[in-house]
**Student:** 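Quick one: the structure is below, questions incoming.
Hydrogens, waters and symmetry mates play no part in the numbers below; they use all other heavy atoms, side chains included. To find a chain, count down the sequence lines: A is the first, B the second, and so on, and within it residues start at 1.
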Amino acid sequence: MDKLISSVAVRALLAFLLLVALGPILWTVLSAFKDLRDIVTPVPKILFTPTLDNFATILRNPTIRDGLLNSAVVVSAAVLVGAVLGIPAAHTLARYARKWGDDVQFFVLSLRFMPPVAIALPFIVLYLDLGIYDTLFGLVLVYLITTVSTIIWLAVPAFERVPREIEEAAAMEGCGPAEIFWRFSLPVAAPSLFGALVFTFVLVWNELLLALTLAAQKATLPVVAASITSLGKEVPWGVINAATVVLVLPPLVFIGLLMGLLNSMVRSGPK
Amino acid sequence: MTRKRFVTLTLIPAIGLLATLALVSIAGAIWFSVMNRTLRSADYEFVGLHNFLRLLRDRRFFNALENSIIWEAITVIGTLTLAVLLAVLIFETVKKPLWRNLICFAFLVPVLLPRVAAAFIWRFLYSPSLGVINYLCGLVGIGPVEFLANPSLALISVAVVDIWQWGLFFTVILLKLLETLPREPIEAAKLDSARTWEIHAYVTLPMLKGPLISLTLVKAVESLRSFDLIFVMTGGGPGTATETLDLYAYQMGINMGGRISYASAMSVLLLIVTTMAFVIIWKAGKKWTN
């Protein structure tokens, strides 16, 4: 009997934990389909007539549409350039740089931890002087710090896991280092590399401070979302919830990949 | 192509770009911190340590410093405690792989949310008039509680959101690490009829000491970037009750008046603290992997 009670208690606790993890998000999704009338009720409503008005408002609003577009352009450009520069560098660091490779990796990872304010302040002055303040190019440039460093950081272990025999056999066949990288190491490491790119994408997609500081008209989606609250006197909660849902969707698509990345990192981590 | 040329060709563009951008921001921050540059005028001159000395007399700076320290303590301790407790609980009670995976997926969702989105989600939940949390408080006879408008509650209320995102994420990492541990020491402890909590307190968690230290330091550095969450949820208010260092630096340097130099002095201090923390993380990480 005791066992039964404790197993019921454990189940209840786990159900509660799942509710704490997902409840707030589900509630937001639910509220995104609500009329403002159904949101502003003394007792929270579970049953209501769903409406698409909030999403329509968002997609019709030019500021939000532009934000979505700016975010898509800036984030994909920064991740793409980051990948082109970072992935070959990571391969070299993993394979050819024994002695000073550690120092380079230290430097690269330390950038990932720089306080964004310390980047934002000098760059705003520099951008104003250079005339690239409030341009998509400027945002991409500053995001390269994040993307290149994160991609190198995550791609080095991916290349270290490529079996050495493959590369040695290719070298015996007379392949040069570039060919070995392109034809042998890259395809083997590709799945983990994809995970790394996704992780980097999420990081930059979520970024607020730099986008807020270095652009005004060319605002990205987080900046636009952050400014919705001040639309008029009445807080448009339905619209805010719908905007949150739009903001949340792209990162969530990648959750399975993040899980795989985590699994492989834990497995290769403590030896 | 020779190996040496390949190495140069792959490393120089990436590292060169990073070094340039990093140098611009670090040198720029230090340079402006000893000047009197503002966003209003392009003229500026050398003022030495004036900005740093003024910080020492700035009440609002010490308020921000205090808030940052409290924020660090709450979020780091809260995240790690929650993660350890939940990871052990799930490790002991959920044995079916399907359920475990389901829980892991659910726990990864919050950390993937953009901070701005997480901030909105919780502002909505916290809302005194239409939030679910206050509705639940009302059912048990408390409230309405002004989670974000009450100066003594606001910082903790925002920290809860940070712990919600990171604590659940770290739970998944710790659970995966627990699964990789060898079974023998745990079985041996069981034979000695150790209790479940004793096994974890004296056997498994000490085996994970290295990763736990690394996670703590990673969270400590990550917590220094409190900006997004606090900016959207309270904007530093009420008053300056939730204003941390990076928020104050932003307000000073960009939002009001654009006192770049004064804000730079603050960001230089932040930079020094972060660098010191990072060097420790790196050394600890190296020690653990070797």
Side-chain angles (χ1 to χ4, degrees), chain A residues 10 14 18 21-22 24-25 27-28 39-40 44 85-86 88-89 91-92 96 104 106 108 110-111 113-119 121-126 144-145 148-149 152 176-178 202 205-206 208-209 213 222 225-226 237 240-241 244 247-248 251-252 255 258-259 262-263 266-267 270, chain B residues 1 3 6-7 10-11 13-15 17-18 21-22 24-25 28-29 32 37 93-94 104-110 112-117 120-122 124-125 130 132 135 168 172-173 176-177 180 210-211 221 224-225 227-228 232 246 249-250 253-254 260 263-264 267 270-271 274 278 282:
Chain A
V10 162
L14 289 174
L18 284 180
L22 296 179
I25 301 159
W27 185 246
T28 303
I39 295 177
V40 197
L85 290 176
H91 176 256
T92 302
Y96 304 119
V104 177
F106 169 81
V108 166
S110 72
L111 293 181
F113 287 102
M114 276 219 332
V117 174
I119 301 176
L121 287 167
F123 269 90
I124 191 175
V125 179
L126 187 74
L144 283 180
I145 302 181
V148 176
S149 64
I152 292 183
V202 172
W205 176 269
N206 295 354
L208 173 68
L209 177 59
T213 312
W237 277 112
I240 290 181
N241 281 321
T244 308
L247 193 63
V248 160
L252 281 196
I255 187 168
L258 181 69
M259 186 85 148
L262 217 60
N263 276 331
V266 168
R267 245 181 282 127
Chain B
M1 196 178 345
R3 169 177 292 197
F6 179 73
V7 169
T10 50
L11 274 187
I15 305 300
L17 178 80
L18 281 181
L21 291 173
V24 166
S25 44
F32 288 122
R37 169 86 203 229
T93 54
V94 184
C104 284
F105 268 107
F107 280 18
L108 281 183
V109 173
L112 277 174
L113 300 184
R115 300 284 265 185
V116 176
F120 275 127
I121 289 173
W122 281 83
F124 188 51
L125 292 176
L130 41 95
V132 175
Y135 171 71
L168 297 182
V172 177
I173 298 181
K176 302 263 171 215
L177 286 169
T180 60
V221 173
L224 285 174
R225 324 161 147 242
F227 182 83
D228 309 15
V232 177
D246 49 359
Y250 170 81
I254 290 136
I260 292 286
S264 289
S267 72
L270 258 178
L271 203 60
T274 316
F278 180 72
W282 182 260

**Student:** Give the member of B:V94, B:T93, B:D228, B:L18 that has the highest number of heavy-atom pairs under 4.5 Å with chain A.
**Tutor:** B:L18
**Student:** Apply side-chain contact (heavy atoms from CB on, under 4.5 Å) to B:V24 and list each qualifying residue two or more places apart in sequence or on a separate chain.
**Tutor:** A:F123, A:L126
**Student:** Under a 4.5 Å cutoff for heavy-atom pairs, which residue among A:I124, A:V104, A:L247, A:L18 has the most contacts with chain B?
**Tutor:** A:L247
**Student:** Highest number of heavy-atom pairs under 4.5 Å with chain B: which of A:L14, A:V202, A:I25, A:I152?
**Tutor:** A:I25
**Student:** Please find the pair of heavy atoms, one from A:P24 and one from B:W122, that lie closest to each other, and give the distance.
**Tutor:**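 Closest heavy-atom pair between A:P24 and B:W122: CG-CZ2, 3.9 Å.
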**Student:** Quick one, A:P251 and B:L113 - any side-chain contact, counting heavy atoms below 4.5 Å?
**Tutor:**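 They are not in side-chain contact.
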**Student:** Take A:V125 and B:F32, measure what side-chain contact (heavy atoms from CB on, under 4.5 Å) needs, and give me the verdict at the end.
**Tutor:** CA-CA 10 Å; A:V125 179; B:F32 288 122; 3.5 Å; yes
**Student:** Under 4.5 Å heavy-atom distance to chain A, tell me which part of B:S264 shows up: side chain, backbone, both or neither.
**Tutor:** both
**Student:** Among residues at least two apart in sequence or on other chains, which ones pass ring-ring contact (aromatic ring centres under 6.0 Å, His included) with B:F107?
**Tutor:**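 So B:F107 forms no ring-ring contact (aromatic ring centres under 6.0 Å, His included) with any residue.
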**Student:** Which one, B:V109, B:D246, B:L125, leads in non-hydrogen pairs under 4.5 Å with chain A?
**Tutor:**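 Heavy-atom pairs under 4.5 Å are most numerous for B:V109.
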**Student:** What closest approach, in Å, do B:A106 and A:A21 show between heavy atoms, and which atom pair accounts for it?
**Tutor:**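 Here B:A106 and A:A21 meet closest at O-CB, 3.8 Å.
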**Student:** Under a 4.5 Å heavy-atom cutoff, which of B:A249, B:G28, B:P114 has the most pairs with chain A?
**Tutor:**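 Greatest number of close heavy-atom pairs with chain A: B:P114.
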**Student:** For each of A:V108, A:L144, A:L209, tally heavy-atom pairs with chain B at distances under 4.5 Å, and name the one with the top tally.
**Tutor:**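 Most heavy-atom pairs under 4.5 Å with chain B: A:L209.
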**Student:** Return the minimal non-hydrogen interatomic distance between B:L271 and A:A118, and the atom names on each side.
**Tutor:**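 Scanning both residues, the minimum pair turns out to be CD1-CB, 3.9 Å.
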**Student:** Counting heavy-atom pairs under 4.5 Å with chain B, which one of A:L208, A:V117, A:L252, A:T244 comes out on top?
**Tutor:** A:L208
**Student:** Please state whether the rings of A:W27 and B:F124 are parallel, tilted or perpendicular, taking 30° and 60° as the class boundaries.
**Tutor:** parallel
**Student:** B:L224 versus chain A, heavy atoms under 4.5 Å apart: side chain, backbone, both or neither?
**Tutor:**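 Neither the backbone nor the side chain of B:L224 comes within 4.5 Å of chain A.
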**Student:** Identify which part of B:F227 has an atom lying under 4.5 Å from any heavy atom of chain A, answering side chain, backbone, both or neither.
**Tutor:** side chain
**Student:** Would a 4.5 Å heavy-atom cut-off, applied to side chains only, mark A:L121 and B:I254 as touching?
**Tutor:** yes
**Student:** Among A:T28, A:V248, A:I240, which residue meets the side-chain contact (heavy atoms from CB on, under 4.5 Å) test with B:F120?
**Tutor:** A:I240
**Student:** Tell me, side chain or backbone of A:P116 under 4.5 Å from chain B's heavy atoms, or both, or neither?
**Tutor:** side chain
**Student:** Find the distance between OG1 (B:T10) and OH (A:Y96) and round it off to the nearest 0.5 Å.
**Tutor:**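 Those atoms lie 8.5 Å apart.
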**Student:** How far apart are the closest heavy atoms of B:A14 and A:A89, and which atoms are they?
**Tutor:**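 What the structure gives for the nearest pair is CB-CB, 3.8 Å.
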**Student:** Minimum heavy-atom separation for B:A29 and A:P122, please, with both atom names.
**Tutor:** N-CG, 3.5 Å
